[in-house]
Amino acid sequence: MAKIKAIRGMNDILPEQTPLWQYLEESTRSILSSYGYSEIRTPIVESTDLFCRSIGEVTDIVEKEMYTFDDRNGESLTLRPEGTASCVRACEEHGLIFNQVQRLWYTGPMFRYERPQKGRYRQFHQIGVETFGMVGPDIDTELLLLTARLWKKLGIDHAVTLQLNTLGSSEARAYYRDQLVAYLTDHVDQLDEDSKRRLTTNPLRILDSKNPQVQALLEGAPDFHACLDDESLKHFDQLKRNLESLGIPYEVNPRLVRGLDYYGRTVFEWVTDKLGAQGTVCAGGRYDGLVEQLGGRATPAVGFAMGAERLILLLEAEGSLPDRLKRQTDIFIAALGDAAEQKALSLAENLRDLVSWRLTLDCSGGSFKSKMKKADRSGARVALILGDSELEQGVVALKPLRTQDEQELVPFDKIAAVLSAEHRYFKE
RNA sequence: GUGGGCGUAGCUCAGUUGGCAGAGCUCCGGAUUGUGAUUCCGGCGGUCGUGGGUUCAAGCCCCAUCGUCCACCCCA
């Protein structure tokens, strides 16, 4: 009988990996909390319309990458391909952004029907941050500060760089789009197939084409920033000055345009060259028009999303992981014989009330030798050994596994005290 | 959707010109009746991705198909 396997592009995260995920999530959580951000949790499934109206009808995400299906009542539903739309919908629905500012974050799985490759999967995870009601470049700055702080905490700050751009107001963008289309139409013979297609669908995307010939052609194209409105340029200048005074290095990339239609003004990407083709680990920008576009009152907004799988890959390659992550447990109890095994259960339970170390009781039977081997493999720093002779004396043998200290016999009622006091056994 | 690489034990991989299906790691037992990380010995473990074809004979050659990885597109 054929074995059932996980769906293509949807991965199991195995026990070996989960400590890394927890570390990433906890690090992010504590930083966001320190900036006063609140978590929001929204459903994974939304009305299909929500994404069509927010992301943009002609984007690849909406055109060919959504997991869309009919509910039993005929309504079209979609597994969320990103988090911003749901967040805006929930805020609007519950009045969270009516006459008030919000600093929010969320995490969870997203779904896009694409061919999987390194750092890109059909079910992937994002940690997203959205802010509402704040117009100025100071909040843009704050978002970049907190991401920079996270990279430092994770030990990957040397592996990422910040790319920055402004897309201007929607009027300025529309004006530039016409200029660009006019220029490229004159040179249409030099465009590749993809770029020709984008000329009618999403011309600005041609700016960040990977094709060198197209990039060469763009050298002679109208200057994007020259077409932008004063207000946006002023905003952008202030953001740059803020980053400089705070010591956050950045690179202005006038070719950086984001794929989702709702972005305007500030856009940014944190990129790395350590992950192959999918080098963007965090990206976002301003979307001042989206709330109104979804039927709410006009509300300025700026946010970003991090790709959890990409950050995990980068952490594995470059990060500095706490030693604790490599260990399953701190204390391993090996009991031998029926009476000792029974005593070990109550002993272990009692210890869990008294000490905070992780404590694993071996229940797998097997020889004494194999128990010691398991104790070693588990990463535990101390083994507690309980056999017939110890049981008779009312003691356990405490064997340090990572230091050269002598094994000692400890009376049952003194174990917790010894484990709390003898920190030399537990030095990282 | 397009292009290329790879599918052999739980994992990492050998497998010669087509001639008995292999190693290391893991796991279990033993050398050492109760002391792990290094030794040594033994054991468990296989639909060679799947289906067809060629052949006396296919892991190997041919066709198809599925999976996977990387890249394009696109994106976190």
Side-chain angles (χ1 to χ4, degrees), chain A residues 1-3 5-9 11 14 16 55-56 58-66 80-84 107-129 147 192-195 197-198 201-202 205-206 208-211 257-260 268-272 275-285 303-314 332 334-337 340 362 364-391 397-402 406-407:
Chain A
M1 192 165 55
K3 283 183 184 168
K5 299 172 68 178
I7 305 302
R8 158 185 269 231
N11 300 313
L14 302 177
E16 195 184 11
I55 297 168
V58 297
T59 57
D60 276 25
I61 292 180
V62 169
E63 278 187 340
K64 54 184 200 190
E65 295 179 0
M66 294 206 304
R80 64 181 183 196
E82 58 107 38
T84 302
T107 185
M110 309 291 165
F111 303 84
R112 291 182 200 171
Y113 189 86
E114 303 177 273
R115 281 285 277 270
Q117 71 185 73
K118 189 184 179 74
R120 193 184 63 189
Y121 310 100
R122 290 185 172 179
Q123 174 175 333
F124 61 104
H125 298 77
Q126 286 187 340
I127 301 167
V129 176
T147 48
D192 56 38
E193 287 308 310
D194 285 324
S195 297
R197 180 172 48 79
R198 281 183 288 201
T201 56
N202 202 343
R205 297 284 318 171
I206 300 173
D208 65 2
S209 166
K210 285 182 187 173
N211 187 328
V257 287
R258 310 275 313 128
L260 286 60
F268 61 87
E269 286 189 9
W270 286 96
V271 298
T272 179
L275 296 184
Q278 309 301 323
T280 303
V281 295
C282 172
F304 65 84
M306 299 181 266
E309 280 81 0
R310 293 180 187 179
L311 285 171
I312 295 285
L313 286 170
L314 196 53
F332 191 95
L336 210 63
D362 183 44
S364 60
S367 68
F368 186 74
K369 184 188 174 75
S370 76
K371 281 175 185 292
M372 289 309 293
K373 206 166 180 176
K374 285 192 186 90
D376 185 46
R377 295 268 159 98
S378 74
R381 266 89 48 105
V382 162
L384 297 181
I385 300 162
L386 185 65
D388 291 338
S389 64
E390 285 84 2
L391 199 56
L398 187 157
K399 182 183 171 73
L401 296 170
R402 312 293 158 203
E406 287 291 306
Q407 178 170 319

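Chain A is the first sequence line, chain B the second, and so forth, proteins listed ahead of strands; every chain is numbered from 1.
Under 4.0 angstrom from either OP1 or OP2 of B:C75 there lies no side-chain N or O belonging to A:Thr280. Of the side-chain N and O atoms in A:Lys374, one or more sit less than 4.0 angstrom from OP1 or OP2 of B:C28.
Atom pair A:Arg122:CZ and B:C74:C1' shows a separation of 13 Å (rounding to whole Å applied). Rounded to whole Å, atom P of B:G36 lies 17 Å from atom CG of A:Leu398. Between A:Arg402 atom CZ and B:G36 atom C1' there is a gap of 8 Å when expressed in whole angstrom units. Across the protein-nucleic acid pair, A:Ile385 atom CD1 and B:G36 atom C1' stand 9 Å apart, rounded to whole Å. Between the CD atom of A:Glu114 and the P atom of B:C69 there is a distance of 14 Å, given to the nearest Å. Look at CG on A:Asn11: it is 12 Å from C1' on B:C69, rounded to the nearest Å. Rounded to a whole Å, the CG atom of A:Leu384 is 18 Å from the P atom of B:U35. One atom, CG of A:Leu313, and another, C1' of B:A76, lie 12 Å apart when rounded to the nearest Å.
Distance CZ/A:Arg122 to CG/A:Asn11: 11.5 Å, rounded to 0.5 Å.
At a threshold of 4.0 angstrom between heavy atoms, the contacts of A:Lys399 include nucleobase atoms, whether or not backbone atoms are also involved. Among the atoms of the strands shown, base atoms are found under 4.0 Å from some heavy atom of A:Gly119. Counting non-hydrogen atoms under 4.0 angstrom, A:Ala375 reaches nothing in the nucleic acid.
A heavy-atom distance below 4.5 Å is found between the side chains of A:Leu275 and A:Val281. With a 4.5 Å cut-off on side-chain heavy atoms, A:Ser364 and A:Lys374 count as touching. Taking the side chain as every heavy atom from C-beta outward, A:Gln123 and A:Ile7 never approach each other to under 4.5 Å. Between A:Glu82 and A:Ile55 the shortest side-chain heavy-atom distance falls below 4.5 Å. At a threshold of 4.5 Å between non-hydrogen side-chain atoms, the residues A:Met110 and A:Pro81 do not count as touching. Side-chain contact between A:Arg205 and A:Ser195 is absent, with no heavy-atom pair separated by less than 4.5 Å.
Nearer to the 5' terminus of RNA chain B, by closest-nucleotide assignment, is the contact made by A:Arg120 (compared with the other of A:Arg120 and A:Val281).
At a threshold of 4.0 Å, the pair A:Asp376-A:Lys371 does not count as salt-bridged, since none of the basic side-chain nitrogens sits closer than that to a carboxylate oxygen.
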Could I get a table of every N or O pair under 3.5 Å where one atom is in the protein and the other is in nucleotides 2-7 of chain B?
residue	atom	partner	partner atom	Å
B:U2	O4	A:Arg115	NH1	3.1
B:U2	O4	A:Arg115	NH2	3.3
B:G3	O6	A:Arg115	NH2	3.2

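Between the side chain of A:Glu390 and the base of B:G34 there is at least one donor-acceptor pair of N/O atoms closer than 3.5 Å.
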For RNA chain B, what dot-bracket results from Watson-Crick or G-U pairs at under 3.5 Å, with [ ] for crossers and | for inter-strand partners?
-> (((((((..((((.....[..)))).(((((.......))))).....(((((..]....))))))))))))....
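The side chain of A:Gln278 approaches B:C72 more closely than any other nucleotide in the set B:A76, B:C72, B:C27.
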Could you give me the CA-CA distance, side-chain angles and deciding distance for A:Glu309 and A:Arg120, then say whether side-chain contact (heavy atoms from CB on, under 4.5 Å) is met?
-> CA-CA 8 Å; A:Glu309 280 81 0; A:Arg120 193 184 63 189; over 6 Å; no
